[in-house]
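The structure appears right after this line, and notes come after that.
So that the names make sense, note that chain A is the first sequence line, chain B the second, and so on, each numbered from 1.
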Amino acid sequence: MISITLPDGSKRNVDSGTTALQVALSISEGLARNVLAAEVNGEVVDATRPLTQDSSLKLLTWSDEGGKSTLWHSSAHLMAESLEALYPGIKLAIGPPIENGFYYDIDFINYSFSQEDFPAVEKKMLELARSKNEYIRKEISKSEAIAYFTHKDDPYKLELINDLEDGSITFYTQGNFTDLCRGPHIPNTGFIKAAKLLNVAGAYWRGDEKNKMLTRVYAISFPKQSELDEYLVLLEEAKKRDHRKLGKELGLFHFSQKVGSGLPLWLPKGADLRSRLQSFLQTAQKKDGYLPVITPHIGSKELYETSGHWAKYGADSFRPIETPQEGEMYMLKPMNCPHHCEIFASEPRSYRDLPLRLSEFGTVYRYEQSGELHGLTRVRGFTQDDAHLFCTADQVKEEVGKVIDLVLYIFKILDFKDYLAQVSLRDTGNPSKYIGSDANWEKAEKAIQEVADEKGLKTVVELGEAAFYGPKLDFMVRDAIGRKWQLGTVQIDYNLPERFDLEYTGADNLKHRPVMIHRAPFGSLERFVAILIEHCAGQFPLWLTPEQVRILPVSEKFNEYAKSVSTELENYDIRALVDERNEKVGKKIREAELEKVPYMLVVGVEEQKNRTVSARKKGEGDQGVLSIGDFASRLNREVEEMLSR
RNA sequence: GCCGGUGUAGCUCAGCUGGCCAGAGCAGCUGAUUUGUAAUCAGCUGGUCGGGGGUUCGAAUCCCUCCACCGGCUCCA
């Protein structure tokens, strides 16, 4: 007998060799029907694996991450089986579960595979799923494994096996399909009730662009058809929120082939939104003692040689600009920090000047590969809400803490409720990737982790994700429909002060090296606006939206009155436009609603006579008649409440 | 940059197994209407079918090439 501890702390004694599935069955048949995998002593394994020693056991279902990924992993095998049945001879590479579904990388040899082929594959998958084939695990020797895939003539699997230790190799078989796989898997294919292929894309074998490009087939599956339907609704919703679509519809920004790809043109409404975000942050930063600076869009190549960026990124940058007479070389500014270092160096600094916080909405230009460009989220020219904090080593923690507070304030005002901090540290096994001394790295890494803890941030640590000059703390947010985005960043840098030979005079009258902290709460305004658009589905908060109010005269006879209302609102700092077109109110309302204008004011003969407005709120309808002043104070109160929470 | 897909008026799209002058709705313009809480009516303008080259008696339609965009990969100071 062995003792099994369940998550609620209860213990059960069972015969050695009992499977998790049997334990589930002993609890309830309903549970057993839903068990996809088991977590035994913290490790996710097949629910059909025999338990041979005292263990803690958690039965994983669809509501557990481990359950989901197991179902998806098994679905990847099912898809591979289906594809192999439909396209005999294809070569399989790898097929893991991912955050939303799974994929399989496949060499389709001479077949062409496209979207039109999806339904047939889905049909085959469901057909095979219905036969409830068990996933059978088999431990196999390396030579047997090699023999199997040599016979099957699959070079990718052979390459994978080659890298595996003999004795640790397992195969999983379901129906007529056997795959090299560590597992775990669901008990049988019958758990997969719905499957949908999502898209195909190219992917290099083992992620290396020198290798052959394989076809990656993305798909998702569910234990219930209704779950798939819900997922498809979510995809539709994401499409509706796409900032590229909304940006066009709401007149925020535009891309012109003539201007160049990846170079956004901000239209009047977008520019208004953006500058409003900018002044919102500026106001907050002023309170935190930031000093605005302005630096040019180009800088001499030498500046970047000093910073080290030339050596690191020079080859992947826009080519330097040369002066016609003198032959001097200038770089389009890819970073603001070297310029800011020179501002620090512009005069002798005392420890009394520190921390010195230099901020700039600095526009930078970076060459991005053409295939990388994406709406406003990945562009070649963008404006960072940048700042560099020069401080003493002792001040690092406090400064990082203040930046965290600032970021959290922004999240609160802009209604990002779900976020976590990613702490990016060195990959200690690969020191050549980084510059700076070990001692400095350790100090910086410790400071960043400690502050994150003290601020009570939900944190994940990623090894090897640090910048080459120092550790980072990045904020990841989830938007209104659950997608993850990387936003603000804080980075500690012991390197640039060294390279620019920055120093200050300490209380001891000796020269000391300052520490530099890079930080950008939004990251870039372009990217942030894109994320904000998708987060709020184009319905910007009242304080931020370019057009707060649209005034709708009932007929052209009231255009003059409407304009006088707009002027009066302007005196209350309210942004209003008049729809002077010769159209009916119904149409004007419809369009204002579609353009997501928060308030509409209908004005006609009654309103003109009494100097009132008939207010309508977007999505809510008629709010009744009130005086212009009352409407203005109501709106301004709403704005104040938003900004003071 | 790489793989695959897409590219027709300002926008959304039809036409695309090659063959009458390339279409629709919305937007725009003109006129009528003077309008009360999600689309008033009529008329008109607008496209060298992404650019270039080729096949053909004939190309939006087939082929090549370049560009841009979309989905990924690689990259991201």
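Here F344(A) and F500(A) keep their ring centres 6.0 angstrom or further from each other. In this structure, F318(A) has its ring center no closer than 6.0 Å to that of Y365(A). Separation of the Y469(A) and H518(A) ring centroids falls under the 6.0 Å cut-off.
Between the P atom of G4(B) and the CZ atom of F118(A) lies a distance of 15 Å, rounded to the nearest Å. Rounding to whole angstrom units, NZ of residue K245(A) and P of U12(B) are separated by 10 Å. Rounded to whole Å, atom P of U37(B) lies 16 Å from atom CG of L601(A). The interatomic distance linking F318(A) (CZ) with G1(B) (P) rounds to 12 Å, in whole Å. E595(A) places its CD atom 11 Å from the C1' atom of A27(B), with the value rounded to the nearest Å. C76(B) atom C1' lies 12 Å from atom CE of M335(A), rounded to whole Å. Computed from coordinates, the Y313(A) OH to C75(B) C1' distance equals 10 Å when rounded to whole Å. When the P atom of A39(B) is taken as reference, atom CG of D579(A) falls 14 Å away, rounded to whole Å.
Nucleotides A14(B) and G31(B) are separated by 30 Å at their C1' atoms, to the nearest Å. Comparing the P positions of U61(B) and G19(B) gives a spacing of 10 Å, expressed to the nearest Å. Comparing A27(B) with A39(B), their P atoms sit 13 Å apart, to the nearest whole Å. C11(B) and C69(B) have their P atoms separated by 15 Å, with the value rounded to a whole Å. When the P atom is used for both C49(B) and U37(B), the distance is 47 Å, rounded to whole Å. G58(B) sits 40 Å from G1(B) when the C1' atoms are compared, rounded to a whole Å. As rounded to the nearest Å, A24(B) and C64(B) have C1' atoms that lie 33 Å from one another. Rounded to whole Å, the separation between the C1' atoms of G54(B) and G18(B) comes to 15 Å.
For the pair D208(A) and Y367(A), nearest-nucleotide mapping onto RNA chain B gives the more 5' position to Y367(A). Between S317(A) and E591(A), it is E591(A) whose nearest contact on RNA chain B lies nearer the 5' terminus.
Nucleic acid contact class of V364(A) (heavy atoms, under 4.0 Å, all strands): none. Counting non-hydrogen atoms under 4.0 angstrom, G604(A) reaches a base of the nucleic acid. Counting non-hydrogen atoms under 4.0 angstrom, Q115(A) reaches nothing in the nucleic acid.
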Enumerate the protein-to-nucleotides 31-34 of chain B contacts in which both atoms are nitrogen or oxygen and the separation is below 3.5 Å.
from: U33(B); atom 1: N3; to: N582(A); atom 2: OD1; distance (Å): 3.4
from: U33(B); atom 1: N3; to: N582(A); atom 2: ND2; distance (Å): 3.0
from: U33(B); atom 1: O4; to: N582(A); atom 2: ND2; distance (Å): 2.2
from: U34(B); atom 1: O2'; to: K557(A); atom 2: NZ; distance (Å): 3.2
from: U34(B); atom 1: O2; to: S555(A); atom 2: OG; distance (Å): 3.3
from: U34(B); atom 1: O2; to: E556(A); atom 2: N; distance (Å): 3.2
from: U34(B); atom 1: N3; to: E556(A); atom 2: OE1; distance (Å): 3.0
from: U34(B); atom 1: O4; to: E556(A); atom 2: OE1; distance (Å): 2.9

Just the atom pairs and distances: protein N or O near nucleotides 61-64 of chain B's N or O, under 3.5 Å.
none

What string of B, S and - do you get for nucleotides 66-72 of chain B 5' to 3' if you count protein non-hydrogen atoms under 4.0 Å? -SSSSBB

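Taking the six-membered ring where tryptophan is involved, the planes of F113(A) and F118(A) are tilted, since the angle between them lies from 30° to 60°. Ring geometry for H73(A) against H77(A) counts as perpendicular: the plane angle is over 60°, on a 0 to 90° scale with 30° as the lower cut.
Taken to the nearest 0.5 Å, the OG atom of S221(A) stands 10.5 Å off from the CG atom of L197(A).
Classification of R590(A) and E583(A) as a salt-bridged pair fails, no side-chain N sitting under 4.0 Å from a carboxylate O. Comment: D105(A) engages R216(A) in a salt bridge, judged by a side-chain N to carboxylate O separation of less than 4.0 angstrom. Under the 4.0 Å criterion applied to side-chain N and carboxylate O atoms, E547(A) and K269(A) are assigned as salt-bridge partners.
Looking at the side chain of K584(A), the nearest of the listed nucleotides G36(B), U40(B), A77(B) is U40(B). Each of A77(B), U40(B), U37(B) was ranked by its minimum atom distance to the side chain of Y469(A); first place goes to A77(B). Side-chain atoms of I589(A) lie closest to A38(B) of the nucleotides U40(B), A38(B), C76(B). Out of U40(B), U37(B), C75(B), the shortest distance to the side chain of E583(A) is found at U40(B).
For the 3.5 Å distance criterion, the side chains of K618(A) and Q539(A) qualify, holding a donor opposite an acceptor. E159(A) and W205(A) form a side-chain donor-acceptor contact under 3.5 Å, judged by distance and modelled atom types alone.
Looking at S564(A) and R611(A), their side chains come closer than 4.5 Å, going by heavy atoms from C-beta outward. Here the side chains of D117(A) and Y111(A) are not in contact, with every heavy-atom distance at 4.5 Å or above. When side chains are defined from C-beta on, Y231(A) does not count as touching K196(A), because their heavy atoms never get closer than 4.5 Å. For the pair F102(A) and M79(A), the minimum side-chain heavy-atom distance is below 4.5 Å.
Side-chain to base pairing of E607(A) with G36(B): one donor and one acceptor N or O lie within less than 3.5 Å of each other. If you check distances only, the side chain of R378(A) does reach the base of C75(B) with a donor-acceptor pair under 3.5 Å.
Across all strands shown, A60(B) forms no Watson-Crick or G-U wobble pair with both distances under 3.5 Å. Remark: A32(B) base-pairs with U40(B); criterion is Watson-Crick or G-U wobble with both hydrogen-bond distances under 3.5 Å. Here C2(B) sits opposite G72(B) as a Watson-Crick or G-U wobble pair (both hydrogen-bonding atom distances under 3.5 Å). Base pairing annotation: G7(B) forms a Watson-Crick or G-U wobble pair with C67(B), both donor-acceptor distances under 3.5 Å. For A24(B), the paired base is U12(B) (Watson-Crick or G-U wobble, both distances below 3.5 Å).
Look at K248(A) and you'll find a side-chain N or O under 4.0 angstrom from OP1 or OP2 of U12(B).
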